[in-house]
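Okay, structure first, notes after.
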Number of protein chains: 2
Amino acid sequence: MEPIKIRPAREQVADALRRAIFTGEIQRGEELTQEAVAAQLGVSRMPVREAFLMLERDGLLMLNSHRKAVVRGLTEEDIVDHYDIRALLEGEAAARASVSEEVADIRAAYEDARSAGLRGDAAAFVEANQQFHRAVWEAADNPYLMRFLDQLWRGLPPHLPELVPVQMRQSLADHDQIMSALEAKDPEAARRAMRHHIQRSLQQFLNAWRSGSDS
Amino acid sequence: MEPIKIRPAREQVADALRRAIFTGEIQRGEELTQEAVAAQLGVSRMPVREAFLMLERDGLLMLNSHRKAVVRGLTEEDIVDHYDIRALLEGEAAARASVSEEVADIRAAYEDARSAGLRGDAAAFVEANQQFHRAVWEAADNPYLMRFLDQLWRGLPPHLPELVPVQMRQSLADHDQIMSALEAKDPEAARRAMRHHIQRSLQQFLNAWRSGSDS
DNA sequence: GCGAGAGTTTGTGGATCCAATATCCCAGAC
DNA sequence: GTCTGGGATATTGGATCCACAAACTCTCGC
């Protein structure tokens, strides 16, 4: 038996809200009261308050003293800005990872994503893909980099469900590029490959977003 | 009259704790209880709880369910990592700012810092210096970039008091370089100048740190 | 003397309660 | 008719209360 991590209520509330925002169940501009959310989720206001503070940090809510919380949601511009910074940071992470001792760990995650992709298991792929990226940051071994990337990933839906199948093929091809740059211990090639991967994902995301969000 | 921003108790508590950590009044590894901090600051536990969550995000505290909060403080390695990422992000900000419309705003902040430096007003310089950097991020106009840089600046003491006088001369010279790259609208020169500025600051900071923290 | 286990203490996480402030609505004056 | 002011209402911020989890200690068995 390994020690399990216990998740406080505030995090579960935050997760629930994030999901609701990402799926569009809660719309941009909508106003939330602690009371209403608490009632709907069946908890007291306390964990909701704390969750609101977390979501504010992640840029999903706007809070003002004694005012209701306003859902910031995401504009197309936000998404572009998000991916821009992600490309910068993950590119740096890849460059650092390429000269680290932990390339083997990355390869393991790479293989997982690859096999999930080849057998067409979308859910497993989404999970493994995240592990692959995370393995890169871990190898880069800079707590600030890791913290910011974590925040970024929490700030956008990991994958729009409708585009996962399309994305898998392309992502796997990109991963090949990244992986070989890493194993060649070539920092700049790794940075380029990662940046390219992310910028390409942005295009896919935007296409899906544009067709999905004309509601 | 412009709308003034009201600061909730949690933020003031967080500020007080940050200061205490930066000055060394609270040492690395020390354990804090909500109760004790609340009593000392004369508030209830509630704002302290929320402040703890903020400081955890800034990397200054480690929280575990049902455990006391542990002060993470800063190792020398943390500081290097911190400046590394700051150089990356501020470099990017400078590159973007150089092609923005707001270079004039940056120059205003630059002049403020310069005049404070020339008349040797350390306090004013620290403030104006921060304004200068902030003006650059604002011009870069990417909310994520801004958010992360804000977090970084909150995570380290803005300036070790003893080195401000030394730092002023050098910083002003660096600022000249940055400013002219910005006004030449040369993104890569601006990035280089900013990176150089920050990496040089790191060296000064480390020297002061090493001599200051052998307690 | 030392380790295991129960009981005690301490401290957090979550619920509820109270205070303070912002918004809303309506009445009255000009 | 519109604007101003006051009171009612809604909602958050802060304080207190309670339950549960972790640490600590003391005792008992060996």
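Hydrogens, waters and symmetry mates are skipped; everything else that's a heavy atom, side chains included, is used.
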Atom-to-atom span, [atom1] of [X] to [atom2] of [N] - whole angstrom:
| X | N | atom1 | atom2 | value |
| --- | --- | --- | --- | --- |
| M46(B) | dT12(D) | CE | C1' | 12 Å |
| L63(B) | dA22(D) | CG | C1' | 16 Å |
| L53(A) | dG14(D) | CG | C1' | 13 Å |
| E35(A) | dT12(D) | CD | P | 8 Å |
| R45(A) | dT16(C) | CZ | P | 11 Å |
| N64(A) | dA22(C) | CG | C1' | 11 Å |
| K68(B) | dA23(D) | NZ | C1' | 8 Å |
| E31(A) | dT12(D) | CD | P | 10 Å |

Quick one: does R10(B) reach the base of dG14(D) with a side-chain donor-acceptor pair under 3.5 Å?
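Per atom types, no contact qualifies.
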Looking only at N and O atoms, is any donor in the side chain of R49(B) or the base of dG14(C) less than 3.5 Å from an acceptor on the other one?
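Pair found.
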For R57(A), does its backbone N or O pair with a side-chain atom of R147(B) as donor and acceptor, under 3.5 Å?
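Checked: pair present.
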Is the backbone N or O of A109(A) less than 3.5 Å from a side-chain atom of D112(A), with the two atoms forming a donor-acceptor pair by type?
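Not a single qualifying donor-acceptor pair exists.
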Nearest to the side chain of [X], which nucleotide is it out of [options]?
| X | options | value |
| --- | --- | --- |
| Q34(B) | dG11(C), dT16(D), dG13(C) | dG13(C) |
| S44(A) | dA20(C), dA15(D), dT16(C) | dT16(C) |
| H66(A) | dG14(D), dA22(D), dA20(C) | dA20(C) |
| R67(A) | dC17(C), dA15(C), dA22(C) | dA22(C) |

Under 3.5 Å, is there a donor-acceptor pair between the R45(A) and Q34(A) side chains?
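Q34(A) and R45(A) do have a side-chain donor-acceptor pair below 3.5 Å.
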Hey, could you give me the CZ/CD1 distance between R18(B) and I26(B), rounded to the nearest 0.5 Å?
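CD1 of I26(B) is found 12.0 Å from CZ of R18(B).
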Please classify the nucleic acid contact of L32(A) as base, sugar-phosphate, or nothing, using heavy-atom distances under 4.0 Å.
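Sugar-phosphate, no base atom in range.
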Cation-aromatic face contact R49(B)/F52(B), 6.0 Å, 45 degrees:
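Output no; distance or angle outside limits.
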